[in-house]
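Read through the structure below, which is laid out as structure tokens, and then see the notes.
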Amino acid sequence: MQSDHKAVDMPAATEPYLRIWHTVKLIPVGRVASYGQIADLAGLPGRARMVGKALQAAPKHMQLPWHRVLRSNGHIAFPVGSETAEEQKGRLQSEDIVVLKYRVRLVDYQWQPDLAELLFGLAF
DNA sequence: GCCATGACTTATT
DNA sequence: TAATAAGCCATGG
């Protein structure tokens with residue numbers, strides 16, 4: 001019998017991951033955010049890498065808009081030409097986001113949430 | 001428990 | 001513009 005209430009095979013970083021997933025879900029259609037930006041908004045400043053880990057570990061059924069998360073310079077984080085990079089590019093373009101050379105102009109598409117938007121997200 | 005790896009970022013040169 | 005370094009830290013061997 002386990003001595004605590006946690007699921008046996010639940011990763012130790014579950015709570016941060018939940019916050020990250022939740023934050024990513026708030027990115028509006030047609031906008032993008034950087035890994036670091038998501039980390040900051042999720043209350044995990046400086047932990048951009050964890051955002052990558054969290055997305056990698058995200059169950060597919062969650063249908064997170066993972067494709068809206070890019071590097072701080074607007075580049076897709078996957079190797080150019082990889083299947084994943086192609087899919088991400090396609091998903092972005094299907095939202096009318098201009099992608100040139102696997103790169104998005106953040107000055108044009110970066111998500112800039114206002115306070116009300118973030119507070120609304122907290123309700124879920 | 002140490003070590004390498006990585007869907008990263010920022011500062012520095 | 002590009003390369004380097006350092007900070008970050010969960011995860012797997």
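- Counting only distance, with no hydrogens or angles, the side chain of A:R71 and the backbone of A:I76 share no donor-acceptor pair below 3.5 Å.
- Nearest heavy-atom pair across A:V51 and A:Y35 is CG2-O, 3.4 Å.
- B:dG1 sits 15 Å from C:dA10 when the C1' atoms are compared, rounded to a whole Å.
- Across every non-hydrogen atom of A:G46 and A:D40, the tightest pair is N-OD1, 4.0 Å.
- When each of A:V29, A:I38, A:V104, A:V24 is paired with A:R68, the side-chain contact (heavy atoms from CB on, under 4.5 Å) condition holds for A:V29 and for no other.
- Residues from residues 79-101 of chain A that place a heavy atom under 4.0 Å from any atom of DNA chain C: there are none.
- Here the closest heavy-atom approach between residue A:A58 and residue A:L64 is recorded as CB-CD1, 3.7 Å.
- For the pair A:K89 and A:Y102, the cation-pi criterion (under 6.0 Å, within 45° of the ring axis) is fulfilled.
- A salt bridge between A:E87 and A:R91 is present, with a side-chain N of the basic residue lying under 4.0 Å from a carboxylate O of the acidic one.
- Contact detail for A:H22 and A:L122: the closest heavy-atom pair is NE2-N, 4.3 Å.
- For DNA chain C, the contact window with chain A, defined by any atom under 4.0 Å from a protein heavy atom, covers C:dG7 to C:dT11 in 5' to 3' order.
- In this structure, the separation between NE2 on A:H67 and CD on A:Q93 is 11.5 Å, given to the nearest 0.5 Å.
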Margin query: Strictly under 4.0 angstrom, non-hydrogen atoms only: write out the protein contact profile of nucleotides 8-13 of chain B, one letter per nucleotide from the 5' end, B, S or -.
Written below: BSS---
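- For the C1' atoms, the distance from B:dA7 to C:dA3 is 22 Å, rounded to whole Å.
- Minimum interatomic distance between A:Y109 and A:R31 (heavy atoms only, all atoms of both residues): O-NE, 3.2 Å.
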